[in-house]
**Q** 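My questions all concern the structure below.
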Amino acid sequence: MQEKDASPPGFLPGFQHFATQAIRAGQEPEQWTSRAVVPPISLATTFKQGAPGQHSGFEYSRSGNPTRNCLEKAVATLDGAKYSLAFASGLAATVTITHLLKAGDHIICMDDVYGGTGTYFREVASAFGLKVSFVDCSKTKLLEAAITPETKLVWTETPTNPILKMVDIEACAHIVHKHGDIILVVDNTFMSACFQRPLALGADICMCSATKYVNGHSDVVMGLVSLNSDSLHSRLRFLQEEHSPVNTRLQPCKTRESTQPSCAGTPDLWEDNKCLVF
């Protein structure tokens, strides 16, 4: 049995059974008539319906398919979330989240972020009428001072890319949620669910570019979004389907997280395990 990690003062305890969850969540053989122990790759674009509008969980692969469903269940478990959504890239996830807003809304973005994120907010989102302020959210007084009645989204990274600034997620969540209906997003790309779970610290949405450490082998481009809110999930799932920012390429990959023994009690059991991503 994996023992509970002893944590230094000031640190949260380690995540229990991470290795087991990484190779089992969403992959239960009982979900398949064949009882296959490895989730099959679903190549179908369309699924048979009993009657118009009466499907068995899937209708068109843009909306979802069994393979992507397995991945999203696994990611939700690792992030400690109720829901997870997979996208074609980290920026596809970013764009979809931003589409929760409307022209005139205000975004506060961490002043040091992944280059693609900064470019999107500066060059694209602002052209569609969104107001964007870049603020050093590692200094919570600056964050609070930047919030206006029009602020609807706060976007942070921690550690940041590339300067590695550290943001106190819990402190930011406390400030943001005092001001009403503002969504706090944390880009968790550098830490991954292996070392940090932003939702447990008060974030509304946890996103990451799975292209980086979650995959770790430079052979998959993908974005992941995890959350607990039913209403936000419903809106993002609709946008995921209608905007279609999803990956239509299937291939096997290994997870880099399996090579990080500090987050898993039995990494030798799964270091060479292959999972299927969509």
Side-chain angles (χ1 to χ4, degrees), residues 21-79 81-101 116 120 124 128 193 205-212 214-215 217-255 273-278:
Q21 292 174 341
I23 62 171
R24 294 192 181 277
Q27 303 174 56
E28 301 82 359
E30 291 74 19
Q31 65 187 303
W32 319 113
T33 303
S34 65
R35 297 297 192 268
V37 296
V38 176
I41 299 175
S42 175
L43 299 177
T45 61
T46 309
F47 299 84
K48 182 179 179 180
Q49 300 185 16
Q54 296 180 12
H55 56 80
S56 300
F58 303 98
E59 52 185 333
Y60 192 59
S61 59
R62 174 165 52 83
S63 305
N65 76 16
T67 310
R68 195 173 92 204
N69 202 41
C70 290
L71 171 67
E72 291 178 340
K73 286 180 180 179
V75 173
T77 299
L78 296 179
D79 276 330
K82 188 174 181 180
Y83 307 107
S84 184
L85 301 91
F87 295 87
S89 68
L91 271 177
T94 300
V95 171
T96 304
I97 292 170
T98 307
H99 272 82
L100 293 169
L101 309 182
Y120 171 71
V124 182
F128 285 94
I205 296 175
C206 168
M207 70 78 58
C208 79
S209 170
T211 314
K212 312 300 190 303
V214 172
N215 171 252
H217 300 275
S218 299
D219 56 6
V220 168
V221 177
M222 186 183 300
L224 300 169
V225 170
S226 296
L227 67 166
N228 289 317
S229 167
D230 294 339
S231 60
L232 284 177
H233 170 254
S234 179
R235 294 168 65 191
L236 286 171
R237 187 67 73 179
F238 173 79
L239 291 170
Q240 183 193 48
E241 177 177 354
E242 296 307 314
H243 287 191
S244 194
V246 294
N247 201 332
T248 57
R249 183 181 64 177
L250 286 160
Q251 62 181 20
C253 78
K254 294 190 294 183
T255 57
N273 180 72
K274 288 190 176 184
C275 66
L276 296 173
V277 299
F278 178 37

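Positions are given from 1 along the sequence.
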**Q** Measure the spacing between CZ of Phe87 and CD of Glu72 and express it to the nearest 0.5 Å.
**A**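 Reported value, rounded in 0.5 Å steps: 8.0 Å.
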**Q** If you define the side chain from C-beta out and look only at heavy atoms, does anything of Ile205 sit under 4.5 Å from Leu236?
**A**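 The answer is yes; the side chains approach within 4.5 Å.
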**Q** Nearest 0.5 Å, please: how far is NE2 in His55 from NZ in Lys48?
**A**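 Separation between the atoms: 15.5 Å.
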**Q** Evaluate Ser61 against Thr46 for side-chain contact (heavy atoms from CB on, under 4.5 Å), listing each step before the verdict.
**A** CA-CA 6 Å; Ser61 59; Thr46 309; over 6 Å; no
**Q** Tell me, with the steps shown, if Leu227 and Leu85 meet side-chain contact (heavy atoms from CB on, under 4.5 Å).
**A** CA-CA 9 Å; Leu227 67 166; Leu85 301 91; 3.7 Å; yes
**Q** Between Asp230 and Tyr83, is there a side-chain donor-acceptor contact under 3.5 Å, judged purely by atom types and distance?
**A**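 Result is yes, a qualifying pair exists.
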**Q** Any side-chain heavy atom of Phe58 sitting closer than 4.5 Å to one from Ser42?
**A**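 Heavy-atom side-chain distance check fails, nothing below 4.5 Å.
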**Q** Mind listing the closest non-hydrogen atom pair of Ser231 and Ser229 along with its distance?
**A**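 Of all heavy-atom pairs spanning Ser231 and Ser229, the closest is OG-OG, 3.1 Å.
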**Q** Could you verify whether a donor N or O on one side chain and an acceptor N or O on the other, from Asn69 and Asn65, lie under 3.5 Å apart?
**A**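 Their side chains do not contain a donor-acceptor pair, so the 3.5 Å distance test is not met.
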**Q** Is it true that the side chains of Ser63 and Glu241 contain a donor and an acceptor less than 3.5 Å apart?
**A**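 Yes - a donor-acceptor pair under 3.5 Å links their side chains.
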**Q** Is the number of heavy atoms from other residues, nucleotides or ligands within 6.0 Å of CZ (Arg24) greater than 12?
**A**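 No, CZ of Arg24 has 12 or fewer neighbouring heavy atoms, counting only those of other groups under 6.0 Å.
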**Q** Quiz question: by atom type and distance under 3.5 Å, do the side chains of Arg237 and Gln240 form a donor-acceptor pair?
**A**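 The answer is yes; a qualifying pair exists.
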**Q** With the side chain counted from C-beta on, respond yes when Met207 and Ile97 share a heavy-atom pair under 4.5 Å apart, and no when they do not.
**A**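 Yes, at least one pair of side-chain atoms sits under 4.5 Å.
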**Q** So, for Cys70 and Gly26, which heavy atoms are closest and what is the spacing to 0.1 Å?
**A**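 So the minimum-distance heavy-atom pair works out to SG-O, 3.2 Å.
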**Q** How many angstroms lie between atom NZ of Lys73 and atom CG of Leu71, to the nearest 0.5 angstrom?
**A**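 With rounding to 0.5 Å, NZ (Lys73) is 12.0 Å from CG (Leu71).
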**Q** Say you draw a straight line from CG of Leu224 to OG of Ser226; how long is it, rounded to the nearest 0.5 Å?
**A**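 So the CG of Leu224 and the OG of Ser226 are separated by 6.5 Å.
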**Q** Could you grab the distance from atom CZ of Arg68 to atom CE of Met222, nearest 0.5 Å is fine?
**A**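 Reported to 0.5 Å precision, the distance equals 10.0 Å.
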**Q** Taking side chain as C-beta onward, heavy atoms only, is Lys82 less than 4.5 Å from His233?
**A**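 No - every pair of side-chain heavy atoms lies 4.5 Å or more apart.
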**Q** Can you tell if the side chain of Val95 reaches within under 4.5 Å of the side chain of Val124, non-hydrogen atoms only?
**A**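 No, every pair of side-chain atoms sits at 4.5 Å or beyond.
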**Q** Does a side-chain heavy-atom distance below 4.5 Å link Arg62 with Thr45?
**A**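 When only atoms from C-beta onward are counted, Thr45 and Arg62 do not touch, as no gap falls below 4.5 Å.
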**Q** Drop me the distance from Tyr120's OH to Thr98's OG1, to the nearest 0.5 angstrom.
**A**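 One finds 4.0 Å between OH of Tyr120 and OG1 of Thr98.
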**Q** List the steps and the verdict of side-chain contact (heavy atoms from CB on, under 4.5 Å) for Gln21 and Leu78.
**A** CA-CA 7 Å; Gln21 292 174 341; Leu78 296 179; 3.9 Å; yes
**Q** How about Pro40 and Thr67: do any of their side-chain heavy atoms sit closer than 4.5 Å?
**A**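 Counting from C-beta outward, Pro40 and Thr67 never come under 4.5 Å.
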